[in-house]
Amino acid sequence: AYDRLTSPSSPDSVVVALENVRNLLYDITRDDSGPLFDKVEETHELLNAVETSLNKCARSIDGSSDSLISVLEKVMCTGISMEMIDGIIADWNSLARKHGISPYSLPNCHASLRDELDGNVEALNILPEAEN
């Protein structure tokens, strides 16, 4: 999408199309005054506004650390969708409810249970709720 907007070497890009229109406008007017010249100038100013907007759009797509491409790459790097994260949180809360402990205590509870399974009987003294 970025290349289709801004690539000056691609004949299909919007930048090339804008330049082609400008060239056509210059070709149809030879005078520096008159109604045709005024309309060509008005159109040229509108093309400048389109080009400014196009550049802003291109920078929004790929221009900084908070651009669309950067954010998309960050999201894709995690490999986890928002729905999956919501599911993990729901499972986390459900597990905490099942054992009657705070969701924030789950890591300590897990470590305590791991220690108990590994033969460390003192684990029950560290987290009594690990018995549940």
| task | For the pair S67 and S70, evaluate side chain to side chain contact (heavy atoms under 4.5 Å, CB included) and give the outcome as yes or no after the intermediate values. | result | CA-CA 5 Å; S67 68; S70 296; 3.2 Å; yes
Between [atom1] on residue [X] and [atom2] on residue [Y], distance to nearest 0.5 Å:
X	Y	atom1	atom2	result
S13	E19	OG	CD	10.5 Å
K39	I28	NZ	CD1	12.5 Å
D38	T43	CG	OG1	10.5 Å
D27	N23	CG	CG	6.5 Å
I89	S94	CD1	OG	13.5 Å
L113	N108	CG	CG	11.0 Å

| message | The test is side chain to side chain contact (heavy atoms under 4.5 Å, CB included); show your working for D86 and E83 and say whether it passes. | response | CA-CA 5 Å; D86 286 341; E83 291 81 19; 5.6 Å; no
| task | Run the numbers on R22 and E51 for salt bridge (charged side-chain N to carboxylate O under 4.0 Å, His left out), then give the verdict. | result | CA-CA 11 Å; R22 280 192 181 110; E51 186 175 31; 2.8 Å; yes
| Looking only at atom types and distance, does a side-chain atom of S105 sit under 3.5 Å from a main-chain N or O of I101, one as donor and one as acceptor? | no
| said: Strictly distance-based, threshold 3.5 Å: is any side-chain N or O of S60 a donor or acceptor partner for the main-chain N or O of K56? | reply: no
| said: For a quick test of reading the model, state the closest non-hydrogen atom pair linking P103 to W92 and the distance between them. | reply: O-NE1, 3.0 Å
| Transitive ILVMFWY side-chain link Y26 to V15, under 4.5 Å | no
| said: Is there a continuous path of hydrophobic side-chain contacts, each under 4.5 Å between heavy atoms, that joins V40 to F37? | reply: no
| Does some side-chain heavy atom of D62 sit less than 4.5 Å from a side-chain heavy atom of L68? |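 Side chain of L68 against side chain of D62, heavy atoms only: no contact under 4.5 Å found.
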| query | For the side-chain contact (heavy atoms from CB on, under 4.5 Å) test, which of L18, V16, L24 pairs with N20? | reply |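 Exactly one candidate clears the test, V16.
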| request: Given side chain to side chain contact (heavy atoms under 4.5 Å, CB included), test E42 with E45 step by step and report yes or no. | output: CA-CA 5 Å; E42 179 183 338; E45 288 176 20; 5.8 Å; no
